[in-house]
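We number each residue from 1, following the sequence as shown.
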Amino acid sequence: MASQGDASSSGSVTPPYRHDVFLSFRGKDTRSGFTYHLYKALEREKIKTFFDDRTLKRGENISTALLQAIEVSRISVVICSENYGSSGWCLDELVRILECQKSKQQVVIPVFYKVDPAHVRHQIGSFGEALAGLKYNEDKVPKWRAALTQVANLSGWTYVNGYESDFIEKIVKEILDVGGVRNETDLNGLNYQENNKYWEDVYNPTLRHHQMNTVDSDVYNKTYLKLQKEMEEADVYNKTYNKLQKEIEEADVYNKTYNKLKKEIEEADVYNKTYNKLQKEMEEADVYNKTYNKLQREMEEADVYNKTLFRLQKETEEADVYNKTLLRLQKEAQDADVYNKTLLRLQKEINQ
């Protein structure tokens, strides 16, 4: 690939690019897998690629060297994976990449690796939860949201499943096309001619000022029309930015409402479980009360029964005493009758 010190045969200004491609990715998602395979595929095509394989601790700031690497890259490939939005480092990279897209016409190619672009655009799902967890950087969250929305609105690639190697080949081909590689004319680097002209004509005002004294009016008019077109595009950009900002605010309201409803649903679920538990306990208490009342009633009936039994038993005993007395009296009456008969017989015998 062409280096920063290379110059074209026409003697144009040295390109400001040290890297052809900068890879922005979430290390724990794709460092040793998809991103590394993409990096090796780009290397095989002699595309000079910045691949940072270091890790950064939570809360640690992105290095100046890394931000500079973004600024001196011609193309940035943003690999949005599941945990990309949970890294303040990745989001700071993304903000700088989009700033370079605007200020240096850097080409930005988003790759949505196993994520829905709509989730990135509106910060819902894993991306909404990730941003909600970055409370230690509340001042940066609005910029991060705007950057995620902006990158999701760019034309890019979405991978869900299938052969990753075929998917990577398509991305590499687009980078080669965007970079201007032509196998028959330039196998060693990207074509920087168009970038040089833009850098000289637009982003180096001092050089432009000195050249205006020597160029003819035709060049001046072309440059004026080009600047006018860029101003119109900047106006469109501002309108789009304002629109995106409004959508981000609406998405934030949506997320807050969603979280509120989710919390209410969880509370309602707890309430329902508690209500069902109490209802079950009340039913069990009702069964207990009915059983208790039944037993109490049976005990009262048993008490009446026992009292009646005792009374009958007493009456039976009294009847038995009565019968015995009656029998004794009957026997005594019989004995008295025999005595009287014997007495009468004796009296009769005496009288004779």
Side-chain angles (χ1 to χ4, degrees), residues 26-30 33-34 55 57-59 79-91 112-142 144-149 152 158-162 244-316:
R26 183 71 163 107
K28 73 175 184 178
D29 286 348
T30 64
F34 175 80
T55 58
K57 294 180 180 178
R58 183 178 179 88
I79 302 169
C80 295
S81 55
E82 182 180 4
N83 294 293
Y84 187 91
S86 65
S87 168
W89 189 10
C90 290
L91 295 172
F112 303 99
Y113 183 78
K114 296 183 180 180
V115 297
D116 188 341
H119 288 186
V120 181
R121 182 179 300 111
H122 299 295
Q123 295 93 61
I124 57 179
S126 64
F127 281 81
E129 294 172 0
L131 285 174
L134 295 176
K135 294 180 180 179
Y136 60 90
N137 264 325
E138 289 183 356
D139 55 327
K140 290 186 177 182
V141 170
W144 290 343
R145 286 189 179 278
L148 287 170
T149 300
T158 302
Y159 175 83
V160 179
N161 52 38
L244 290 175
Q245 197 170 32
K246 184 179 178 182
E247 290 178 352
I248 289 168
E249 293 171 351
E250 292 174 347
D252 186 59
V253 172
Y254 170 83
N255 286 331
K256 288 181 179 177
T257 304
Y258 173 80
N259 291 331
K260 181 182 177 183
L261 290 174
K262 189 175 178 181
K263 184 179 179 182
E264 291 176 351
I265 289 169
E266 291 172 350
E267 292 174 347
D269 185 57
V270 172
Y271 170 83
N272 288 332
K273 288 181 178 178
T274 304
Y275 175 80
N276 291 333
K277 182 182 177 183
L278 290 174
Q279 195 172 35
K280 184 179 179 181
E281 290 176 351
M282 287 174 67
E283 291 172 352
E284 291 173 349
D286 185 59
V287 171
Y288 170 81
N289 288 332
K290 288 181 179 177
T291 303
Y292 175 80
N293 292 333
K294 180 181 177 183
L295 290 173
Q296 196 172 34
R297 189 172 66 249
E298 289 176 352
M299 287 174 66
E300 291 171 353
E301 291 173 351
D303 185 60
V304 172
Y305 171 81
N306 288 331
K307 288 179 179 179
T308 303
L309 179 62
F310 290 145
R311 181 175 60 79
L312 291 173
Q313 197 171 27
K314 185 178 180 182
E315 290 176 355
T316 300

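- Salt bridge status for R311 with E315: present, with a side-chain N to carboxylate O gap under 4.0 Å.
- Scanning all heavy atoms of the two residues, the minimum distance from S81 to T30 falls at CB-CG2, 4.2 Å.
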List the steps and the verdict of side-chain contact (heavy atoms from CB on, under 4.5 Å) for K256 and V253.
CA-CA 5 Å; K256 288 181 179 177; V253 172; 5.8 Å; no

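- Put simply, the side chain of D286 never gets that close to the backbone of M282: no donor and acceptor are under 3.5 Å apart.
- Summarising the geometry, atom CH2 belonging to W144 is positioned 8.0 Å from atom CG belonging to L131; distances are rounded to the nearest 0.5 Å.
- Here L148 contributes atom CG and R121 contributes atom CZ; the two are 11.5 Å apart, rounded to the nearest 0.5 Å.
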I would like to know whether K140 and L91 meet side-chain contact (heavy atoms from CB on, under 4.5 Å); could you show each step before the answer?
CA-CA 9 Å; K140 290 186 177 182; L91 295 172; over 6 Å; no

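- The CD1 atom of I79 lies 13.0 Å from the OH atom of Y159; values are rounded to the nearest 0.5 Å.
- Rounding to the nearest 0.5 angstrom, the gap separating the CZ atom in F127 from the OG1 atom in T149 is 11.0 Å.
- In this structure, the side chains of Y84 and V120 stay at 4.5 Å or more apart for every pair of heavy atoms.
- Between N83 atom CG and E129 atom CD the span is 10.5 Å, to the nearest 0.5 Å.
- Side chain of N255 to main chain of Q123: a donor-acceptor pair is present (N/O by atom type, distance under 3.5 Å, no hydrogens or angles).
- In this structure, E300 CD and R297 CZ are separated by 9.0 Å, a value rounded to the nearest 0.5 Å.
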Begin from the C-alpha positions of K28 and S87 and carry the test side-chain contact (heavy atoms from CB on, under 4.5 Å) through to its verdict.
CA-CA 10 Å; K28 73 175 184 178; S87 168; over 6 Å; no

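- Pairing each heavy atom of S86 with each of L134, the nearest pair is O-CD2, 3.6 Å.
- For E247, the CD atom is densely surrounded, since the number of other residues' heavy atoms within 6.0 Å is greater than 12.
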Would Y271 and E267 count as a side-chain contact (heavy atoms from CB on, under 4.5 Å) here? Give the steps.
CA-CA 6 Å; Y271 170 83; E267 292 174 347; over 6 Å; no

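- The two residues I248 and A146 make their nearest non-hydrogen contact at CD1-CA, 2.9 Å.
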